[in-house]
Protein chains: 2
Amino acid sequence: MAETKRTAKRLPPARPDKQPAKQPEKQSQKREEKNVGASAIEKAFAALEAIAELDESPSLSQLAVRLGVPKASAHRIMTQLEQAGLLQRDLSGKRLRIGPRMARIALRAIGATNQPEIHAAMERLVQRIGESCNLGALQGTRIVYLDRVECDWPLRTHFRAGSQVPLHCTATGKLFLAFMDEPTREDILRSLTLERHTEKTIVDPKKLRAELARIRAAGYAENDQEFMVGLIGLSVPVLDARGRLLAGLAIHAPIARLSIVQSTAHLASLREAAAVIAKVSGA
Amino acid sequence: MAETKRTAKRLPPARPDKQPAKQPEKQSQKREEKNVGASAIEKAFAALEAIAELDESPSLSQLAVRLGVPKASAHRIMTQLEQAGLLQRDLSGKRLRIGPRMARIALRAIGATNQPEIHAAMERLVQRIGESCNLGALQGTRIVYLDRVECDWPLRTHFRAGSQVPLHCTATGKLFLAFMDEPTREDILRSLTLERHTEKTIVDPKKLRAELARIRAAGYAENDQEFMVGLIGLSVPVLDARGRLLAGLAIHAPIARLSIVQSTAHLASLREAAAVIAKVSGA
DNA sequence: TCTGTTCATTCCGATATTCGGGACATATTG
DNA sequence: CAATATGTCCCGAATATCGGAATGAACAGA
């Protein structure tokens, strides 16, 4: 309460229980992550995502709690989404659900995600090798997975497309570090904290530089359990016509099934698939 | 009593705020509808919508022109969307496409609880025909089931919404193969391994091409126990206004209850339902 | 009928975000 | 190599967003 300028505003019963003793702090401790810096876009999509994710259409307050935003803010966001035709309310006018415009976008968007040609090339590779593969690209100072094809083995990792991993302890990440020009690399290396994930993670900048030089010379990058224990990887470059690195195509497997040495036997298949991907990407 | 509920709450249909003189007939034929005052949310979705709608991934400036916003603004919006995982750039780093997170949201958004009109149309169809039906779309090189309505018979299949099936041995899958443009089809056909699921699965590429031509001519696709023994299917296209294939609407049944020949008697009902789905999807 | 509770909605000042012109950097083209 | 697109960055100004608190509506139980 600041400067209650309202003077004779006739406050009816004055309600002494303004501080209800029931829940002093309900969700205050819960909102730690989407606090600041969240753009309006991110908030709107978080809301949409929550509604799509839920099995039942939520009410406004349920959403507010779930998103960790005040009710008033939730209301504003929902109103905007509703006016945009992305949400609509059910007959009672209380619960929110996906609107017609969003349904329309969704129908088109499902087919417009990844290039079928690329996905097909990766599936063929998985078929031939028998282990999972993924396609990753540099975004900022991390690797994002653009696409991913899993093998049939019961034991598999599960990084979905879109997830991000660090540069210094993944095959594709080291590949990108190795292939970028000197000043950029040094700049990034300086700003990275070489976080240790396993025993084998390279956390010494000197050793990492040596490893990168080795990768540059070899033309491919290995990951010997540097990110997760028991998991190895092997990544080859996807180059465009001018020799620039577009992405890294990698296979990975539990070391129980595939050793580093064995994995290099698949280099030819990997390179072949990488060439196909480069080609269908118009490179 | 019917209309008493929403009396006073939605009373402001007008815009009491400001109706500046710019609003009346500002829309000439060039800088059309993307007027000023659009919220950040609206702009973001307009961008997403444009990308989903376009047949080819646009570049930044193309989008800026299409949306009628300055280049710098477009750049800012796209960057935000990209960081949110909703968009991603293709390998050249120039063209923008739907990102994995958006694909996930889209998949959920079309689910049964969220899109009552589609679900209702499918339930009417099941009611009329007496067999299960499903709605499937192309994602990568597989078909994902968007929605599904089961019939009352005790013997039924159980593919939940969200599960994926191959292209070459399902009615909807063959439908998509038949309708895609030549180069893409050939590329996918080349890279697919036509895995045999039953005696009747088409594993010969030549025969599959012939079958696809037949499907193109007929305008619908059949599945004669090619995926599971004793199970047939029949899928018709759900087309948008421009004739692009959005999804396949299919019925399926045990052959003991419905023969392929009998199933074609339901083509009219299927097509009618497909048209309804296209319509409520805003196509 | 009255009262306590829950939920949706509105108000409003402070402030953080968005906006977009223009400069700059980087392909692409002739 | 100049010339033309196209992508990226900067920064002051404008304004949309934020969220606490008050208000209104619906409902349940006494």
Side-chain angles (χ1 to χ4, degrees), chain A residues 1-6 9-23 25-28 31 34-44 47 58-65 67-83 87 89-90 92-96 140 181 184 240-242 244 282-283, chain B residues 1 4-12 16-18 20 31 34-44 47 58-83 89-90 92-96:
Chain A
M1 49 168 58
E3 63 290 63
T4 51
K5 49 169 59 81
R6 69 199 47 228
K9 196 54 172 298
R10 179 212 149 260
L11 2 162
R15 298 184 47 180
D17 55 40
K18 187 61 69 55
Q19 317 294 359
K22 340 195 50 173
Q23 43 246 33
E25 294 298 337
K26 180 59 156 298
Q27 93 276 13
S28 298
R31 48 193 304 277
K34 22 205 35 160
N35 223 357
V36 291
S39 66
I41 289 177
E42 173 56 39
K43 291 194 180 182
S59 69
L60 181 60
S61 352
Q62 289 173 320
L63 265 179
V65 175
L67 299 173
V69 300
K71 239 181 352 178
S73 301
H75 178 261
R76 180 171 27 77
I77 294 169
M78 300 312 155
T79 304
Q80 283 190 3
L81 287 174
E82 190 187 352
Q83 283 179 346
L87 292 182
R89 310 173 96 101
D90 69 357
S92 71
K94 299 211 163 183
R95 313 200 94 85
L96 295 156
D181 58 287
T184 311
D240 72 358
R242 289 197 202 68
R244 287 172 302 192
Chain B
M1 58 165 182
T4 51
K5 46 192 358 170
R6 37 187 33 268
T7 52
K9 50 173 40 176
R10 299 237 68 94
L11 66 87
D17 41 288
K18 44 184 66 83
R31 298 291 173 271
K34 283 310 156 226
N35 50 12
V36 296
S39 67
I41 290 178
E42 171 57 37
K43 288 190 184 186
S59 70
L60 181 59
S61 9
Q62 288 173 323
L63 264 180
V65 174
R66 184 173 227 270
L67 300 174
V69 301
K71 227 178 12 173
S73 301
H75 179 260
R76 178 172 31 78
I77 294 170
M78 300 311 154
T79 304
Q80 281 189 3
L81 287 174
E82 189 187 352
Q83 283 180 345
R89 311 175 96 101
D90 73 354
S92 68
K94 303 209 159 183
R95 317 205 91 96
L96 296 155

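Numbers restart at 1 for each chain; the letters A, B, ... are given by sequence-line order, proteins then strands.
Using modelled atom types, no side-chain atom of B:E42 and backbone atom of B:S39 make a donor-acceptor pair closer than 3.5 Å.
The 5' end of DNA chain C is approached more closely, in terms of each residue's nearest nucleotide, by A:R95 than by the other of A:I41 and A:R95.
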Taking N or O atoms only and anything under 3.5 Å, show me the protein contacts with nucleotides 6-11 of chain D, one pair per line.
from  : atom 1 : to    : atom 2 : distance (Å)
D:dT6 : O3'    : B:S61 : OG     : 3.4
D:dG7 : OP1    : B:L60 : N      : 3.3
D:dG7 : OP2    : B:S61 : N      : 2.8
D:dG7 : OP2    : B:S61 : OG     : 2.1
D:dG7 : N7     : B:K71 : NZ     : 3.2
D:dG7 : O6     : B:K71 : NZ     : 3.3
D:dT8 : OP2    : B:H75 : NE2    : 3.4
D:dT8 : OP2    : B:R89 : NH2    : 3.2

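Using a 4.0 Å heavy-atom criterion, one finds that A:R242 contacts the sugar-phosphate atoms exclusively.
Taking each heavy atom of A:A64 and A:A74 in turn, the nearest pair found is CB-CB, 3.8 Å. Contact between B:P58 and B:L63 at its shortest, heavy atoms only, is CG-CG, 3.7 Å. Between A:L81 and A:A44 the shortest heavy-atom distance is CD1-O, 3.9 Å.
For the pair A:K43/A:L67, no side-chain contact is recorded, criterion being any heavy-atom separation below 4.5 Å from C-beta on.
For the pair A:R244 CZ and C:dT28 C1', the computed distance is 11 Å after rounding to whole Å. Rounded to whole Å, atom P of D:dA16 lies 14 Å from atom CD1 of B:I77. Rounded to whole angstrom, the span from the CG atom of A:L63 across to the P atom of C:dT9 amounts to 12 Å. Regarding B:E42, its CD atom lies at a distance of 14 Å from the P atom of D:dA16, rounded to whole Å.
Residue A:Q80 has no polar side-chain atom (N or O) positioned under 4.0 Å from OP1 or OP2 of D:dA16. OP1 or OP2 of D:dA16 has not a single side-chain nitrogen or oxygen of B:K43 nearer than 4.0 Å.
With sequence neighbours left out, B:R95 forms a salt bridge (charged side-chain N to carboxylate O under 4.0 Å, His left out) with no residue at all.
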